[in-house]
Amino acid sequence: MELALFDYELPPELIAQYPAETRDGSRLLVLSRQSGEREDRMFRDLSTLLHAGDCLVVNQSRVIPARLSGQLEEGGRGVELLLLREVDNHCWEALTRPAKRCRVGANLQLADGHARARVLRALPLGKRVVEI
């Protein structure tokens, strides 16, 4: 499968900034495979769109814009942070890659030097608490 198959134009003003009042009130973009036509629907319409033999995949993750690339201040080696949740003011639980480079006390430059982070604590499974 090619990644380009997932490319489509989505105007920023159509991206939800807040969750719908009720879960079934969220918007649903329907793409017809036959015609390529797109249709705006509501999530509550999903049962009318599914047919016998269809596969429905449920994802319960919550998405935040949280992937940060950077470098260690000492040595300049590349690192990546995936912020999972805020644990305190400016402090985040994050997955780090590679985790062994992000030792406690390490200082990171992020966003081409526009931001900095410091690793405060190591947690199991490669997670770290970082202050940004």
Side-chain angles (χ1 to χ4, degrees):
M1 184 175 286
E2 293 182 40
L3 189 57
L5 295 173
F6 296 98
D7 288 341
Y8 58 92
E9 196 169 318
L10 182 59
E13 64 272 11
L14 296 181
I15 300 172
Q17 300 301 308
Y18 302 98
E21 276 191 41
T22 60
R23 287 188 161 236
D24 68 345
S26 60
R27 296 171 67 190
L28 181 66
L29 179 63
V30 179
L31 173 66
S32 169
R33 286 187 170 192
Q34 290 77 26
S35 68
E37 183 181 331
R38 296 180 195 130
E39 182 182 4
D40 285 317
R41 301 285 293 264
M42 302 298 284
F43 191 79
R44 69 178 63 93
D45 301 333
L46 186 61
S47 64
T48 65
L49 300 168
L50 296 175
H51 305 289
D54 286 350
C55 176
L56 180 63
V57 178
V58 178
N59 180 349
Q60 295 181 349
S61 65
R62 294 175 185 240
V63 178
I64 60 173
R67 189 173 302 274
L68 305 173
S69 297
Q71 298 85 32
L72 289 169
E73 283 188 357
E74 187 176 314
R77 300 201 52 188
V79 295
E80 183 178 86
L81 303 178
L82 178 63
L83 304 182
L84 302 174
R85 65 181 183 90
E86 192 171 22
V87 294
D88 202 4
N89 195 24
H90 303 291
C91 294
W92 289 80
E93 181 179 309
L95 286 172
T96 59
R97 194 170 72 183
K100 62 184 173 183
R101 286 188 195 159
C102 296
R103 293 185 173 95
V104 173
N107 293 307
L108 314 172
Q109 283 192 11
L110 306 171
D112 294 324
H114 291 91
R116 295 182 62 192
R118 180 174 178 81
V119 179
L120 301 179
R121 287 195 321 262
L123 302 172
L125 305 172
K127 294 178 184 175
R128 302 290 187 262
V129 174
V130 295
E131 181 180 33
I132 300 177

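The structure displayed is predicted, hence computed values, not measured ones.
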Leu125 and Leu95 have their tightest heavy-atom pair at O-CD2, 3.9 Å

The test is side-chain contact (heavy atoms from CB on, under 4.5 Å); show your working for Leu56 and Leu46 and say whether it passes. CA-CA 10 Å; Leu56 180 63; Leu46 186 61; 4.2 Å; yes

Could you tell me which non-hydrogen atom of Ala94 sits nearest to which non-hydrogen atom of Leu83, and how far apart they are? CB-CD2, 3.9 Å

Can you tell me how far CG of Asp24 sits from CZ of Phe43, rounded to the nearest 0.5 angstrom? 8.5 Å

Asp40 CG to Asp45 CG distance, which is reported to the nearest 0.5 Å: 11.0 Å

Is any side-chain N of the basic residue among Arg118 and Glu131 closer than 4.0 Å to the acidic one's carboxylate O? no

Mind checking the CG-CZ spacing from Leu29 to Arg41? Nearest 0.5 Å is all I need. 11.5 Å

Does atom CD of Glu9 have more than 12 heavy-atom neighbours, drawn from other residues, nucleotides or ligands, at distances under 6.0 Å? no

Spacing of CD belonging to Glu93 relative to CD belonging to Glu86, to within rounding of 0.5 Å: 12.0 Å

In Leu68, Leu72, Ile132, the residue satisfying side-chain contact (heavy atoms from CB on, under 4.5 Å) with Leu108 is Leu72

Just jot down the salt bridge (charged side-chain N to carboxylate O under 4.0 Å, His left out) partners of Arg103, sequence neighbours excluded, or say none. none

How far apart are the closest heavy atoms of Ser26 and Ala20, and which atoms are they? N-CB, 3.7 Å

Do the non-hydrogen side-chain atoms of Arg85 and Val87 ever get within less than 4.5 Å of each other? yes

On a heavy-atom basis, the closest approach of Asp54 and Leu49 is OD2-O, 4.1 Å

What is the minimum heavy-atom distance between Ala106 and Arg101, and which atoms define it? CB-O, 4.3 Å

Is atom CZ of Arg121 surrounded by more than 12 heavy atoms (other residues, nucleotides or ligands) closer than 6.0 Å? no

Given the options Leu120, Val119, Leu110, Val130 meets side-chain contact (heavy atoms from CB on, under 4.5 Å) only with Val119

Quick check: is Leu50 connected to Met42 through a chain of hydrophobic side chains (ILVMFWY, heavy atoms under 4.5 Å apart)? no

Which distance, rounded to the nearest 0.5 Å, do you find between the CG of Asn107 and the SG of Cys102? 11.0 Å

Shortest non-hydrogen pair, Arg128 vs Lys100, comes out as NH2-N, 4.4 Å

